[in-house]
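The structure appears below as structure tokens.
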Amino acid sequence: MKVSVIVTTYNRPDALTRVLDGLLAQTRLPEEIIVADDGSGDSTRAAVASYLKNRTVEIRHVWQSDKGFRAAMSRNRAILASTGDYLIFLDGDCIPEGHFVQDHLSLARPGYFFQGKRVLVNEKKAAAFTVKDTVSFFRQVFFVITGGLSNGHHILRLPLFPPYTVKGLSGIRSCNMGIFKKDILAVNGFNHAFTGWGREDSELVIRLFKSGLKRREHPFRAICYHLWHRENGRESLEKNDMLMEEIQNSDIVYCPDGLDRLAQEFEKRRDKV
């Protein structure tokens with residue numbers, strides 16, 4: 001099965017390069033990595049450029065202009081550019097553990113999307129935390145003991161521990177999520193009405209549930225290490241909460257402003273060329 005990893009980023013090239021290094025060191029490499037860039041500047045473009053020549057994994061940089069926080073549209077652009085059967089969403093400040101892609105594939109099942117877990121790397125450790133730190137179990141235990149990592153129970157990799165089904169939206173995060181491409185196409189992807197930080201991933205999951213999908217989880221596989229950053233502004237959260245509630249109380253599964261509208265815009269641009 002062909003796997004596309006979609007990495008969302010915005011003006012944090014130091015973290016992004018560590019995430020890309022982690023993806024290129026996987027036990028099972030993805031077929032392609034797509035950097036979904038929400039309007040970063042030249043430093044990110046330069047950082048990604050050094051990876052575009054990689055011959056082991058196809059890497060692409062999908063950029064949109066900076067008009068504020070538009071992660072929903074940025075991810076949709078990457079989805080349209082993807083060629084994989086299975087999509088893994090990962091944030092550009094979340095370093096994947098070495099079995100990350102292998103675990104996602106092992107846990108993928110028709111009729112489900114997979115919600116992964118994360119270990120939190122604190123402010124003091126984040127600047128120097130690299131792929132090497134995700135490999136050494138004893139080093140991670142030291143970080144947990146000294147307060148450098150939280151959610152530390154996820155550092156254990158226990159493949160024999162059984163996955164389970166979860167209901168509801170608690171813990172939904174698109175910084176580590178896997179889904180068959182056909183299933184996200186069926187609901188028209190992320191909803192562009194969600195701008196500003198918050199809830200675009202939860203609203204997607206509401207519609208995935210309505211489409212008949214179930215949520216699968218595993219606490220000890222497909223783990224990433226989330227590097228500390230300052231919190232994004234919450235100015236849009238009330239608006240997004242209200243919009244999410246409207247969707248939840250409606251019959252909408254296929255959002256009106258998503259992948260298809262973006263595809264139509266691309267087609268119009270091609271016609272003008």
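Ion pairing of Arg75 with Glu200 is present here, as a side-chain N (NZ or NE/NH1/NH2) and a carboxylate O approach within less than 4.0 Å. Using a 4.0 Å cut-off between charged side-chain N and carboxylate O, Asp37 and Arg77 make no salt bridge. Using a cutoff of 4.0 Å between basic side-chain nitrogens and carboxylate oxygens, Asp93 and Arg12 are scored as salt-bridged. Between Arg173 and Asp201, no side-chain nitrogen of the basic residue sits less than 4.0 Å from a carboxylate oxygen of the acidic one, so the salt-bridge criterion is not met. Look at Arg207 and Glu203 and you find a salt bridge, because one of the NZ, NE, NH1 or NH2 atoms lies within 4.0 Å of a carboxylate O, short of that distance.
In this structure, the side chain of Glu32 does not engage the main chain of Val57 through any donor-acceptor pair within 3.5 Å. Side-chain atoms of Ser82 do not come within 3.5 Å of backbone N or O of Gly84 as any donor-acceptor pair. The backbone N or O of Cys255 lies less than 3.5 Å from a partner atom in the side chain of Asn188, making a donor-acceptor pair.
No donor-acceptor contact under 3.5 angstrom links the side chains of Asn151 and His226, judged on distance only. Between the side chains of Asp133 and Tyr225, no donor-acceptor pair is found at a separation under 3.5 Å.
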Before giving the answer on ring-ring contact (aromatic ring centres under 6.0 Å, His included), spell out for Phe190 and Phe89 the whole-Å C-alpha distance, their side-chain angles and the decisive distance to 0.1 Å.
CA-CA 12 Å; Phe190 289 87; Phe89 294 98; 5.5 Å; yes
Test salt bridge (charged side-chain N to carboxylate O under 4.0 Å, His left out) on Arg157 and Asp103; report intermediate values, then the result.
CA-CA 10 Å; Arg157 184 171 182 270; Asp103 284 345; 2.7 Å; yes
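Other residues, nucleotides and ligands contribute only 12 or fewer heavy atoms inside 6.0 Å of the CG atom of Asp42.
A distance of 9.0 Å separates OG of Ser4 from CD of Glu58, quoted to the nearest 0.5 Å.
Side-chain atoms of Ile179 and Leu213, non-hydrogen and from C-beta on, do get closer than 4.5 Å to each other. Contact check for Phe69 versus Tyr10: no side-chain heavy atoms found under the 4.5 Å cut-off.
Ser150 meets the side chain to side chain contact (heavy atoms under 4.5 Å, CB included) test with Leu120; sequence neighbours excluded.
The aromatic rings of Phe113 and Phe209 lie tilted to each other, with the angle between the two planes from 30° to 60°.
With Phe161 as the partner, the ring-ring contact (aromatic ring centres under 6.0 Å, His included) test is satisfied by one option alone out of His154, His153, His218: His218.
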